[in-house]
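Order of listing sets the numbers, starting from 1, for every ligand and every atom in it.
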Amino acid sequence: MSEQDNRSVVQGPTKMTPSEAFVETLVANGVTDMFGIMGSAFMDAMDIFAPAGIRLIPVVHEQGAGHMADGYARVSGRHGTLIGQNGPGISNSVTSIAAAFWAHSPVVIVTPETGTGTIGLGGFQECNQLPMFQEFVKYQGHVTHPSRMAEYTGRCFDRAMSEMGPTQLNIPRDYFYGEITCEIPKPSRLDRGPGGSKSLDEAADILAKAKFPVLISGGGVVQAGGVEECKALAERLACPVVNSYLHNDSFPASHPQWCGPLGYQGSKAAMKLMAQADVVIALGSRLGPFGTLPQHGMDYWPKEAKIIQIDADNKMLGLVKKISVGICGDAKDAAAALTERLANRKLDCDATKDARLKTMNEEKDAWEKELDGWTHEKDPYSLDMIEENKKEKPFSGGEYLHPRQVLRELEKAMPPRAMVSTDIGNINSVANSYLRFEEPRSFFAAMSFGNCGYAFPTMIGAKVAAPDRPAISYAGDGAWGMSLMETMTCVRHNIPVTAVVFHNRQWGAEKKNQVDFYNRRFVAGELDNQSFAEIGRAMGAEGITVDKLEDVGPALKKAIDMQMNEGKTTILEIMCTRELGDPFRRDALSKPVRHLDKYKDYV
Ligand SMILES: Cc1ncc(C[n+]2csc(CCOP(=O)(O)OP(=O)(O)O)c2C)c(N)n1
Ligand SMILES: [Mg+2]
């Protein structure tokens, strides 16, 4: 059968089995790759994946499958799809579906469940699979009758796109069998448009009177494919453009108006410019609370400014920050509609353009200089650690390196079109200042769910969707331990990825709280690791240990060369000092209080 044949979908009401209806609907929605671990619950459908042109990529653990589907969706804009065995195969992926939810990824998780003939009797692998996902999916399609298989499958794919997040397709396992007559539904995709003309007019009026507008380019700009429209709006306003937190790929770093990311370990230039804004346009951003917290000792959010927020989800408008105008629309279309409204209009900010761009350039230069000189952390704990680490040698014999210097070297060696994913951890967070991108769909950070173990499997999924692009994941040694087994997925299935592991022998990010609030009383924060390069080699990957600063860039380049030209996965282990950058949540902790005598010293 030719490629053409197996990807053409049966038309009109047709007699088929529910398994066939399910698989045909996957094909209708363009599914070519799925992630998961095989199981008897869906074997009848799985049996015909290959003739339908669908590859099921087996993973090591189902959490990985969810992250891979997420990465696949984030890089391609297409659905990411995963499937697993009822019960444990499904519960294993709860965390990664929660992560995909906060990344707004169109992921479809297919959850075959116990057969209807025995539900409620406490049989093997029986559990109620809807409650465990209800908070993390936009829609739960529970197939209520075999004849409705295609209908529910299609709706899950439609809703994942229209609601911008994961959906769940729950299928009692006996419903794959039988004979039905049904029609495969055509995918329906929402045409969102720019938003209401009243709100767009109001926004244009506010912009016309702005003296110091600042544009926040958010994840919605990436999802809408609206970078060019965002650029045009920014250029019309001649305003600084900042990336919303962890959306560093939402505006090209080489553009003269790019000022870097807001939020934790972001750009001081971006935040100082935000502080001066009298009008803020948040384009495609929910203005999430964590991404707008005070940083670098600066409460930069401009409380007096007028805020224009544009989001495709109306529920996000004004949810976190007080706004003047909310536009419910597609970021690309809304930016174009605003630019059109401003095109032939005299703007107050035209007169202040030169001064504004001068201020912007001064702030950008100052931040770059500060970053160049910021070779290591300077707080008392970090200085103590740096001294202590100088006295010891890593197992590889060289020296422990300063994370910031390592991150700068990685930045300099980054290949064009690189896709980078980052995990949750101290060094990964500091990386925010050093990750700059030219094209959208390049940066996949663990978003608001904030789970360690996110970055590597997500990058594996991204690489499946974009095999022509260099794929690089960052993780701390703790987070790496949660995900490293997926190295076997890379090796077994020829999905080459370069995994950078910051080996600092600790759960650093959390330890930082013990430094700041618990008088350096360290509980469960130390990690005594073997060499991750060696563990990687044992799994069939390449392994490189770096313990000299001058080797960082060349090692990354070598690993990328092996990835792109030899199809090899490399674990690039970088030996780092135990110094620690600013913590995640100073706002959420307080100094300990003890009332009981036996704990009185623990303050
Ligand atoms: C699944 C999960 N468990 C625990 C945490 C809490 N947590 C946040 S950061 C962190 C430490 C990460 O350590 P590591 O990966 O070694 O990076 P480092 O901070 O040392 O750079 C922990 C335990 C989390 N975010 N996710
Ligand atoms: Mg660590």
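Note that K512 lies outside the cation-pi zone of F584, set by a 6.0 Å cut-off to the ring centre and a 45° limit from the axis. Geometrically, R159 engages Y139 in a cation-pi contact defined by less than 6.0 Å to the ring centre and at most 45° from the axis.
Listed for the Q506 side chain is a donor-acceptor partner under 3.5 Å among the backbone atoms of R578. Here the side chain of D33 pairs no donor or acceptor atom with the backbone of L56 at under 3.5 angstrom.
Polar contact with ligand 1: present for A509 (N/O pair, distance under 3.5 Å). The shortest N or O to N or O distance between C452 and ligand 1 is under 3.5 Å. The shortest N or O to N or O distance between D477 and ligand 1 is below 3.5 Å. The shortest N or O to N or O distance between L527 and ligand 1 is not below 3.5 Å. Of the polar atoms of F584, none of the N or O atoms is found under 3.5 Å from an N or O of ligand 1, judged by distance alone.
Distances from atom 22 (C) of ligand 1 to the heavy atoms of E510, Q506, K512 put E510 nearest. Distances from atom 17 (O) of ligand 1 to the heavy atoms of G476, A524, G481, G453 show the closest one on G476.
Surrounding OH of Y602 are at most 12 heavy atoms belonging to other residues, nucleotides or ligands under 6.0 Å away.
Using cut-offs of 30° and 60° on the angle between ring planes, the pair H503 and F532 is tilted. Ring planes of F502 and Y474: perpendicular class, angle over 60° (limits at 30 and 60°).
The shortest contact between atom 15 (O) of ligand 1 and any protein heavy atom is with A479 N, 2.8 Å. In this structure, the protein non-hydrogen atom closest to atom 23 (C) of ligand 1 is W507 CE3, 3.4 Å. When only non-hydrogen protein atoms are considered, atom 21 (O) of ligand 1 lies nearest to I427 N, 3.1 Å. Closest to atom 14 (P) of ligand 1, if we only count protein heavy atoms, is G478 N, 3.5 Å. Among protein heavy atoms, the minimum distance from atom 25 (N) of ligand 1 is reached at G450 O, 2.9 Å.
With the Mg ion (ligand 2) as the vertex, O (Q506) and OD1 (N504) define an angle of 90°, rounded to 10°.
Between the side chains of N451 and T95, no donor N or O sits under 3.5 Å from an acceptor N or O. No hydrogens or angles considered: a donor-acceptor pair under 3.5 Å links the side chains of S382 and D379. For the residue pair D547 and S396, a side-chain donor N or O sits within less than 3.5 Å of a side-chain acceptor on the partner.
Those atoms of ligand 1 with a heavy atom of N451 less than 4.0 angstrom away are 26 (N). Using a 4.0 Å cut-off to heavy atoms of N426, the atoms of ligand 1 that qualify are 18 (P), 19 (O), 21 (O). Per-residue contacts place I424 under 4.0 angstrom from the following atoms of ligand 1 (heavy atoms of the residue considered): 8 (C), 9 (S), 12 (C), 25 (N).
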- Quick one: do E409 and E550 satisfy side-chain contact (heavy atoms from CB on, under 4.5 Å)? Show the steps, please. CA-CA 8 Å; E409 292 304 311; E550 63 271 25; over 6 Å; no
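At a 4.0 Å heavy-atom cut-off, ligand 1 touches M482 through the side chain alone. In N504, the part holding a heavy atom less than 4.0 Å from any atom of ligand 1 is the side chain.
Considering F290, F136, Y454 in turn, F136 is the only one that fulfils the ring pair (Phe, Tyr, Trp, His ring centres under 6.0 Å) rule with F449.
When you scan the N, O or S atoms of D477 for the one nearest the Mg ion (ligand 2), you land on OD1.
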